[in-house]
Protein chains: 2
Amino acid sequence: MSEKRLQEAIVTLKDSGVRITPQRHAVLEFLLNSMTHPTADEIYKALEGKFPNMSVATVYNNLRVFKDIGLVRELTYGDASSRFDCNTTEHYHVICESCGKIVDFHYPSLDEVESLAEQVTGFDVSNHRMEVYGICSDCQTKNAH
Amino acid sequence: MSEKRLQEAIVTLKDSGVRITPQRHAVLEFLLNSMTHPTADEIYKALEGKFPNMSVATVYNNLRVFKDIGLVRELTYGDASSRFDCNTTEHYHVICESCGKIVDFHYPSLDEVESLAEQVTGFDVSNHRMEVYGICSDCQTKNAH
DNA sequence: ACACTAATTATAAAGATTATTATGTAATAA
DNA sequence: TTATTACATAATAATCTTTATAATTAGTGT
């Protein structure tokens, strides 16, 4: 299933004049197959075996390329490193304050918030982001002890 | 008007057993008087004249103290440093993607989002955050040239 | 004023990300 | 096919924000 998305992503890249290198392909594939939202370092570590010579900078470079083209989104949170999300359909995130897990959840887009903000502030609004914070069920049971 | 808030904040600090040092007082006062949401470095630079010997660590230490007590909130955004907000009443932020300016705006709290997320994901939800992104009116006129 | 404890300073260290530079590789044109 | 050009990579250094450490200084209650 994600095979199809991979092919589509590669077409998108090629149309943008981006070369498909082995490393680039691997980073993209890993991102598309991962249901979690990995950090750059997690991607780096995961591909270390297949590409022992790969540099961290390469991961960052490729993530930037994907981001510029719109294939992935960068999620930035407080004290930790950025996470990368290849699910470009509209959705929000629920984040566990205990273990850092990120779970997708769907909710009708908050368009009215955007238009209100536009009226009140005079901004030309382009998008918004929202996250819900809490404790995931795993950590709830763990903490019960 | 912010004089009153400053006094209240100092009382809150004392009640928590926190000493009021000159540096601490200055950081707090600067935060309460600033309508922008300064970064730790901006606070540091602003107080450099008055406290030539002050260390950056002191700013961070004090911000952490204020945060732990609930006097300020830490706002963390993408590629830049954290910003600190002493307005603890419920409100959201509109952020300029061009100059980084942050403007407060009020909107009824999205409680239903929280409860839906709770049902769908099994999380024990505690709070949420939302920001709207766009171009502020200043930058709109600038870019018109 | 004294003693106790916390706060400050200065510095080092950590961690994430970006910049640099030289080398390598893929695409294109002659 | 070869030369040329532009883009990618790797390795490393540098930067930037934030935290940790250790020694010194300074508030606060008695």
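Chain identifiers are assigned alphabetically (A, B, ...) following the order of the sequence lines, protein sequences preceding nucleic acid strands; residue numbering begins at 1 within each chain.
Nucleic acid contact class of B/T21 (heavy atoms, under 4.0 Å, all strands): sugar-phosphate only. Using a 4.0 Å heavy-atom distance criterion, B/N62 is classed as a sugar-phosphate-only contact.
Comparing B/I20 and B/D41 by the nucleotide of DNA chain D that holds the closest heavy atom to each, the one mapping nearer the 5' end is B/D41. Comparing B/P52 and A/R19 by the nucleotide of DNA chain C whose heavy atom lies nearest to each, the residue mapping closer to the 5' end is B/P52. In terms of position on DNA chain D, the residue among B/T39 and B/Q23 whose nearest nucleotide sits closer to the 5' end is B/T39.
The separation between B/K50 atom NZ and C/dT8 atom C1' is 18 Å, rounded to whole Å. Per the geometry, CG belonging to B/D68 stands 11 Å off P belonging to D/dT19, to the nearest Å. Spacing between atom CD of A/E74 and atom P of C/dT17 amounts to 7 Å, rounded to whole angstrom units. Distance A/L75 CG to C/dA16 C1': 16 Å, rounded to the nearest Å. The CG atom of B/N61 sits 14 Å away from the P atom of C/dA10 (whole-angstrom rounding). Note: NE2 (B/H25) to P (D/dT28) measures 12 Å, nearest angstrom. Atom-to-atom, CD1 of A/I43 to P of D/dT9 comes out at 14 Å; the value is rounded to the nearest Å. Here C/dT17 presents its P atom at 11 Å from CZ of A/R83, a figure rounded to the nearest Å.
Neither OP1 nor OP2 of D/dG27 sits under 4.0 Å from any side-chain N or O of B/R24. In terms of phosphate contacts, A/Y60 brings a side-chain nitrogen or oxygen within less than 4.0 Å of OP1 or OP2 of C/dT17. Between C/dT17 and A/S82, a contact under 4.0 Å exists linking OP1 or OP2 to a side-chain N or O.
You'll find the side chain of B/D104 reaches within 4.5 Å of the side chain of B/H37, heavy atoms only.
Ring orientation note: the planes of A/H91 and A/H93 are nearly perpendicular, at an angle over 60° on the 30°/60° scale.
Of all nucleotides listed (C/dT8, D/dA10, D/dA8), D/dA8 comes nearest to the side chain of A/V18.
Between its opening and closing five pairs, the helix from C/dA1-D/dT30 to C/dA30-D/dT1 changes axis direction by 30°, a value rounded to 10 degrees.
Between A/R64 and A/D68 there is no salt bridge, since none of the side-chain N atoms of the basic residue sits less than 4.0 Å from a carboxylate O of the acidic one.
Between the CG atom of A/L47 and the NE2 atom of A/H25 there is a distance of 12.0 Å, given to the nearest 0.5 Å.
The two residues B/S109 and B/H128 have their closest heavy-atom pair at OG-CE1, 3.8 Å. Taking every heavy atom of both residues into account, A/S82 and A/E74 meet most closely at OG-OE2, 2.7 Å.
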Exercise for review: Let me see the working for A/F66 and A/L13 under side chain to side chain contact (heavy atoms under 4.5 Å, CB included), right down to the final yes or no.
Suggested key: CA-CA 8 Å; A/F66 299 156; A/L13 284 170; 3.8 Å; yes
